[in-house]
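Predicted model, so just to flag it, every value in this text is computed and none were measured. Below, chain A is the first sequence line, B the second, and so on; all start at residue 1.
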Number of protein chains: 2
Amino acid sequence: MSGTKAPGWLAIEAEVLRRIHSRDWPPGSAIPNEADLAADFGVARATVNRALQSLAESGILDRRRKAGTRVALHPVRKATLNIPILRHEIEAQGMVHGYTLVSQQESAAPPQVTSALRLPDGTSLMHLRALHLADNRPYAYEDRWLNTAAVPGIAEVDLSLINANEWLVANAPFTAGDFALSATSADATEAAALGTPVGTALLTLERTTWNGGEPITWVMLCFAPGHRMRTEL
Amino acid sequence: MSGTKAPGWLAIEAEVLRRIHSRDWPPGSAIPNEADLAADFGVARATVNRALQSLAESGILDRRRKAGTRVALHPVRKATLNIPILRHEIEAQGMVHGYTLVSQQESAAPPQVTSALRLPDGTSLMHLRALHLADNRPYAYEDRWLNTAAVPGIAEVDLSLINANEWLVANAPFTAGDFALSATSADATEAAALGTPVGTALLTLERTTWNGGEPITWVMLCFAPGHRMRTEL
DNA sequence: CAGTGGTCTAGACCACGAT
DNA sequence: TCGTGGTCTAGACCACTGA
């Protein structure tokens, strides 16, 4: 009963996908277990396992011990966005990256930040504001609160020369993080930094990171108008 | 020289991560080959392979035949956004989903749409506009162009009763797609549909899908003000 | 050419969880 | 309880690619 004869677990994956799309295995239905499929395809069970695990990771299949493998009723599409270092993102477009530290001072973080970092209200953190430029034009405005106590070595770094994020990814790994995208209207500060009218729609990225329960940083990035984050599905 | 004794490829992954974070294996450096690591850890090579493949998928490691495995210089963070069916997203928040088809008509698609779908300029497509409601309040405005010729069966569907996307995911699988997020200012139509002032910042999602080279649909979703797309890292 | 990761096999044991 | 997927093993061959 084998379908394709091509080698490789990718062929198995493709054949399973074909049977799903062709309605041999409609959404919600159970498919044969790994051992049976391995016999059908004439391969080892481990090979089938790899194919099915890949499809499960994509959300196409639901797998549970004892219950078996089923075609997902509502395949939840997953879009994987690459979040590169801004300098690389800009240079990849053939532009020159520029970086300007607008302000740096220790002060009490606002409730929005402390709650995101799960720190007590009023905790004092290092507040950084910076502007990223692409070919000398504003690219993104960065508002960051940094828990210097949790990042040894950051105190000696001149953050007007190196972008905080770039230093952090190279020197302070994180183990967990939150990430959110939204659209916001430019306030006076952001508008001035990005050279746009107040109220312009800005794509805004917020990220909070921890290292083993220790809060590292909260950062908000407002991209210049028209910015798009793309990916393939 | 084994580090941890805990079983499982996850333990291997954790130990490798530990060595990277602890600077035993600094960014850019090569790490031992799979066979050596397997001997060090006292496991089979396949187990090491699984751990290293997982880290490579995360962007932590760069692997190439013959060249070996290296710690990535610039770990590109990947944020995986779940793009569920809107009805599920709304119901998951304990709200009631509503759906209203605003308009449906066949007409020539604008250049923006035809070029995204890689169709000839002026191709006639089915144009759908709809509104998604959560507890009777506007949740997202949908503007869709549908290539009915590529989706057999869609002609008989009453799209005022079932959301086009929901029908498509269940009946018309796609093999490739483009996906983009941006921030836009609400135009008159969007503002009226969402009940917000013109110019409000809206998080906007665009998606184009194909099935084996055959264009299926182009859709733009404008979420109500304040909408956030979140994920963990 | 030769070293490395990519994959496959046949078999085994185990953990989970539906019944 | 016991079927199912999850994982591991020891060994093997192959594909790619740096030297």
Side-chain angles (χ1 to χ4, degrees), chain A residues 1-17 19-20 24-25 27-73 75-76, chain B residues 1-17 19-20 24-25 27-73 75-76:
Chain A
M1 300 290 177
S2 69
T4 55
K5 286 214 176 78
W9 65 271
L10 284 170
I12 306 282
E13 181 181 29
E15 172 61 12
V16 171
L17 262 184
R19 295 190 185 182
I20 293 173
D24 286 346
W25 294 336
S29 67
I31 77 176
N33 67 33
E34 292 187 349
D36 289 347
L37 285 175
D40 277 357
F41 289 128
V43 300
R45 185 168 77 94
T47 306
V48 172
N49 183 278
R50 268 177 111 80
L52 297 190
Q53 278 204 343
S54 168
L55 290 169
E57 221 174 321
S58 308
I60 307 289
L61 295 177
D62 273 342
R63 317 194 74 197
R64 268 147 49 205
R65 283 167 157 126
K66 168 72 180 180
T69 301
R70 293 180 165 276
V71 181
L73 239 7
V76 175
Chain B
M1 294 288 180
S2 70
T4 55
K5 285 214 178 79
W9 65 271
L10 284 169
I12 306 283
E13 182 181 26
E15 171 62 12
V16 170
L17 262 183
R19 295 191 185 181
I20 292 173
D24 287 344
W25 294 336
S29 67
I31 78 175
N33 66 33
E34 292 187 348
D36 289 348
L37 284 175
D40 277 357
F41 289 129
V43 300
R45 184 167 79 93
T47 306
V48 172
N49 183 281
R50 269 178 109 81
L52 298 191
Q53 277 203 343
S54 168
L55 291 169
E57 224 174 321
S58 308
I60 307 290
L61 294 178
D62 274 341
R63 316 195 74 197
R64 270 150 45 206
R65 285 170 158 115
K66 167 73 179 182
T69 301
R70 294 181 164 275
V71 181
L73 241 3
V76 174

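- Across A:Trp25 and A:Pro32, no two heavy atoms sit closer than the pair CZ2-CD, 3.6 Å.
- Of the listed nucleotides (D:dT7, C:dC8, C:dG6), D:dT7 has the atom at the smallest distance from the side chain of B:Trp9.
- In terms of phosphate contacts, A:Arg64 brings no side-chain nitrogen or oxygen within less than 4.0 Å of OP1 or OP2 of C:dC16.
- Between B:Thr69 and C:dT4 there is no side-chain N or O to OP1 or OP2 distance below 4.0 Å.
- Taking atom NZ of B:Lys66 as the reference point, atom P of D:dT17 lies 13 Å away to the nearest angstrom.
- Distance CG (A:Asp62) to P (C:dG17): 14 Å, rounded to an integer number of Å.
- Taking both residues in full, the closest heavy atoms of A:Pro27 and A:Ala72 are given as CB-O, 4.0 Å, listed atom of the first, atom of the second, then distance.
- For the segment residues 31-38 of chain B, residues with any heavy atom less than 4.0 angstrom from an atom of DNA chain C are, sorted by number, B:Asn33, B:Glu34.
- Checked by atom type and distance alone, the side chain of A:Arg19 never pairs as donor or acceptor with a backbone atom of A:Asp24 at under 3.5 Å.
- Residue A:Arg63 contributes atom CZ, which lies 12 Å from atom P of D:dT4 at whole-angstrom precision.
- A 4.5 Å side-chain heavy-atom check between A:Thr69 and A:Leu37 finds every atom pair outside the cut-off.
- Rounded to whole Å, the distance from CG on A:Leu10 to P on C:dG6 is 13 Å.
- Looking at A:Arg45, its side chain never comes within 3.5 Å of a backbone N or O of A:Ala38 through a donor-acceptor pair.
- Partners of A:Ser54 by side chain to side chain donor-acceptor pair (under 3.5 Å), not counting sequence neighbours, listed by chain and number: A:Glu13.
- For DNA chain C, the residues of residues 48-56 of chain A within the heavy-atom distance limit of 4.0 Å (strictly under) are A:Arg50, sorted by number.
- Annotation: side chain of B:Leu52 is in contact with side chain of B:Ile31 (closest heavy-atom distance under 4.5 Å).
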Would you tabulate the pairs of protein nitrogen or oxygen atoms and nucleotide nitrogen or oxygen atoms of nucleotides 9-15 of chain D closer than 3.5 angstrom?
from: D:dT9; atom 1: OP2; to: B:Ala44; atom 2: N; distance (Å): 2.7
from: D:dT9; atom 1: OP2; to: B:Thr47; atom 2: OG1; distance (Å): 2.4
from: D:dA12; atom 1: N6; to: B:Arg45; atom 2: NH2; distance (Å): 2.9
from: D:dA15; atom 1: N3; to: B:Arg65; atom 2: NE; distance (Å): 3.1

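- Rounded to whole Å, the distance from CG on B:Leu61 to P on C:dG6 is 11 Å.
- At whole-Å resolution of the value, CD1 in B:Ile12 and C1' in D:dT7 are 12 Å apart.
- Partners of B:Asp36 by side chain to side chain donor-acceptor pair (under 3.5 Å), not counting sequence neighbours: none found.
- A search for side chain to side chain contact (heavy atoms under 4.5 Å, CB included) contacts involving A:Gln53 returns A:Asn49, A:Arg63, B:Arg50, not counting sequence neighbours.
- The side-chain heavy atoms of B:Ile20 and B:Leu61, taken from C-beta on, include a pair separated by under 4.5 Å.
- In terms of heavy-atom proximity, A:Pro75 sits nearest to A:Leu73 at CD-O, 3.5 Å.
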